[in-house]
Protein chains: 2
Amino acid sequence: MARQILGADTVMHAAPPLEGDVHLPLYRRLYETFARRIAAGDWKPGDGLPAETGLAKIYRIAPGTVRRALDDLALNGLVERRHGLGTFVRRPNFDNAMLRFFRFRDKDGNAFLPESRIVSRKLVSTPPKVARQLGLTDPLVIKMVRHRLWDGVPRLVEDIFLPQDRFKPLLSVSEEMIGPLLYPAYEQLCGQVVFAIEEDISIADVTVDDAADLGLQTGDLTVSVERIARNATATPIEWRISRGEARRFRYQLTSGQGD
Amino acid sequence: MARQILGADTVMHAAPPLEGDVHLPLYRRLYETFARRIAAGDWKPGDGLPAETGLAKIYRIAPGTVRRALDDLALNGLVERRHGLGTFVRRPNFDNAMLRFFRFRDKDGNAFLPESRIVSRKLVSTPPKVARQLGLTDPLVIKMVRHRLWDGVPRLVEDIFLPQDRFKPLLSVSEEMIGPLLYPAYEQLCGQVVFAIEEDISIADVTVDDAADLGLQTGDLTVSVERIARNATATPIEWRISRGEARRFRYQLTSGQGD
DNA sequence: AAGTGGTCTAGACCACCCG
DNA sequence: GGGTGGTCTAGACCACTTT
């Protein structure tokens, strides 16, 4: 075989390697590659990605294929495309999502940000359910208990579990540093960004502890919302369970599939 | 200007007209065109569409553009693409969707089809809320009341409202003709196919009537699910409100957006 | 073997946003 | 004007399914 000879004016740039199995479609491997760069904080929320044509040259892949990967990222909410401007990493805001579930409004009927009170933060031994949901082998996990208050009255009680390898800084900062919204705190203090959530909603009799915290009586019902939060590569990074009074529950849903 | 002369062997086939505004993208107008053919029953659930290349020739549009329209239809659940086989109109099945909401299981924990009992079917004057939700001007609307029973016990009560121009046949057939599932009956008796639903879930004290029907007591809570069902062109064709005991409620949700 | 959808490429032209 | 994403075209080649 003849060795290839390059002229002095010919420069070979090696294309960067792609994530994922070689048998996967190129657009899928590009998607994974970009998602990892976002999850790793290489591209941060608000950042603009290189233009399609630039990415196509860098990775030596046709623009149409790059485009498909970017469109899929946009479809999954990881980036936002702005015509004439560019493609930008999204900054999702799930922290208020619970407000969609419960009818907590001020006198004028507007939703508003409830007060947040972190009741405890500590390392505990990992409950089996938490280990399963987060895919953890670590015997210890960070547990935070948070109350959310409307008009000074606790309306939601939340148990929040976080892997200590990702969230250690949360244990040492003051509550003021964390603030009323957790996901921005995760991002700023720990570099962890939530891009998708799954929730499981059910109704049960109030527990003794919750009745005391929420000012309910034995026999009252609570809605409990269990949530798994995932980063850009779909790795679970938070599990929480929130409870509130059932009568205040409300939810809206759109479905295009009938499985 | 020279007139164009066609040889005898040159045949011009006029491309069929497209739905939608001429300023819309071609793939969008193709989508609308195909969706209408599905909504009109021209292409029925289970039918195979012409192949991409065939459609491209018929409409004189590049295959890539036709492909985009078909991909969007698949994304919205109107068609199903099968590699090597073709593109087929889907037959969605929302009728059991309520079973996802409530914990109704047999002894072995499996979901199963509950008994369905249609309590009444008649024309009533259109309630304002129904007129609004269905976009109706007709002063009369079909109202059906249905009970769904597990182990012979009514567990769900449903009020179902349908435009009489689309669903007149439902008033004259026997209950056996309708069967336990409504959406297949809509399709077979009235040619109406549901492709998407929206639901609004809330919790309230049980009403006197529902307490009697469901065997509940004053002070018990019910979950009520309001549903709008739409056809392939997104026109609302059914509005219903279903109530069941709150304790049996359960729901699961995945969300990739944080609005 | 023939027909289908799935992937990938290459390039033209348009619409939008900014300085 | 120059850069960006959005639309549309044209065609090669691959993978899957049925006859």
Side-chain angles (χ1 to χ4, degrees), chain A residues 13 15-35 37-38 43 46-90, chain B residues 13 15-35 37-38 43 46-90:
Chain A
H13 296 280
L18 294 177
E19 300 287 343
D21 192 278
V22 286
H23 300 297
L24 289 174
L26 272 181
Y27 69 83
R28 190 74 197 121
R29 298 185 68 195
L30 272 176
Y31 179 104
E32 286 299 330
T33 305
F34 297 158
R37 295 189 70 165
I38 293 171
W43 292 334
D47 285 358
L49 273 60
E52 295 177 356
T53 51
L55 288 170
K57 275 171 189 146
I58 292 170
Y59 286 95
R60 300 187 176 286
I61 288 177
T65 305
V66 173
R67 181 172 186 74
R68 163 112 196 227
L70 293 176
D71 282 343
D72 287 352
L73 285 169
L75 217 55
N76 289 339
L78 274 66
V79 302
E80 182 181 353
R81 317 205 73 183
R82 289 191 231 157
H83 194 169
L85 271 179
T87 303
F88 302 85
V89 180
R90 277 198 55 183
Chain B
H13 296 281
L18 294 178
E19 299 287 343
D21 191 278
V22 285
H23 301 296
L24 288 174
L26 271 180
Y27 69 84
R28 191 73 196 118
R29 299 184 67 195
L30 271 177
Y31 179 104
E32 287 299 331
T33 305
F34 298 158
R37 293 189 70 164
I38 293 171
W43 291 334
D47 284 359
L49 272 60
E52 295 178 357
T53 51
L55 288 170
K57 276 173 189 143
I58 292 171
Y59 287 94
R60 301 189 174 284
I61 288 177
T65 304
V66 171
R67 181 172 186 75
R68 164 110 196 231
L70 293 175
D71 282 343
D72 287 352
L73 285 169
L75 218 55
N76 289 339
L78 273 65
V79 303
E80 183 180 352
R81 317 205 71 180
R82 290 191 228 156
H83 194 171
L85 269 180
T87 303
F88 302 85
V89 180
R90 276 197 56 183

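Every chain is numbered from 1 and lettered A, B, ... according to where its sequence line falls, protein lines coming before strand lines. Bear in mind that the values here come from a model prediction, so they are computed numbers and not experimental data.
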Please enumerate all protein N or O atoms sitting under 3.5 Å from an N or O of nucleotides 11-17 of chain C, with distances to 0.1 Å.
unit_1  : atom_1 : unit_2   : atom_2 : d
dA15(C) : N3     : His83(A) : NE2    : 2.9

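- DNA chain D lies under 4.0 Å from no heavy atom of any residue of residues 20-28 of chain A.
- Under 4.0 angstrom from either OP1 or OP2 of dT7(D) there lies no side-chain N or O belonging to Thr65(B).
- Between Tyr59(A) atom OH and dT7(C) atom P the separation is 20 Å, expressed in whole Å.
- Within the 4.0 angstrom heavy-atom criterion, only backbone atoms of the sugar-phosphate kind lie near Ile61(B); the bases stay farther away.
- Considering CG of Leu55(B) and CZ of Arg67(B), their distance stands at 12.5 Å, rounded to 0.5 Å.
- Between the CG atom of Leu18(B) and the C1' atom of dT7(D) there is a distance of 15 Å, rounded to whole Å.
- Contacts of Asp47(B) classified as side-chain hydrogen bond (donor to acceptor under 3.5 Å, both in side chains), with partners at least two apart in sequence or in another chain: none.
- Taking every heavy atom of both residues into account, Ala56(A) and Ala62(A) meet most closely at CB-C, 4.3 Å.
- Scored by the ring pair (Phe, Tyr, Trp, His ring centres under 6.0 Å) test, Phe34(A) finds Trp43(A), Tyr59(A) as partners (sequence neighbours excluded).
- The distance between atom CG of Leu70(B) and atom C1' of dG6(C), rounded to the nearest whole Å, is 13 Å.
- Across dG6(C), dT9(D), dG5(D), the shortest atom-to-atom separation from the side chain of Glu52(A) is found for dG5(D).
- Contact between the side-chain N/O atoms of Thr87(B) and the OP1/OP2 oxygens of dT4(C) is not found at any separation under 4.0 Å.
- An OP1 or OP2 oxygen of dT7(D) is reached within less than 4.0 angstrom by a side-chain nitrogen or oxygen of Arg68(B).
- Rounded to an integer number of Å, the gap from Arg60(B) CZ to dC8(D) P is 18 Å.
- One atom, CG of Leu73(A), and another, C1' of dG5(D), lie 15 Å apart when rounded to the nearest Å.
- Here the rule is side chain to side chain contact (heavy atoms under 4.5 Å, CB included) with Leu30(B), and of Leu73(B), Leu24(B), Asp72(B), Leu18(B) only Leu18(B) fits it.
- Among residues at least two apart or in separate chains, there is no ring pair (Phe, Tyr, Trp, His ring centres under 6.0 Å) pair with a member in residues 62-85 of chain B.
- Taking 4.0 angstrom as the limit, Arg81(A) places none of its side-chain polar atoms (N or O) nearer than this to OP1 or OP2 of dT4(D).
- Here the closest heavy-atom approach between residue Glu52(B) and residue Leu70(B) is recorded as CG-CD1, 3.7 Å.
- Atom CD in Glu80(A) sits about 13 Å away from atom P in dG5(D), given to the nearest Å.
- Look at CG on Leu49(A): it is 16 Å from C1' on dG3(D), rounded to the nearest Å.
- Atom CG in Leu49(A) sits 10.5 Å away from atom CG in Leu78(A) (nearest 0.5 Å).
- Counting only residues at least two apart or on different chains, the salt bridge (Lys or Arg N to Asp or Glu O under 4.0 Å) pairs with a member in residues 17-29 of chain B are Glu19(B)-Arg36(B), Arg28(B)-Glu32(B).
- Residue contacts for Arg67(B): at a heavy-atom cut-off of 4.0 Å it reaches a base atom on one of the strands shown.
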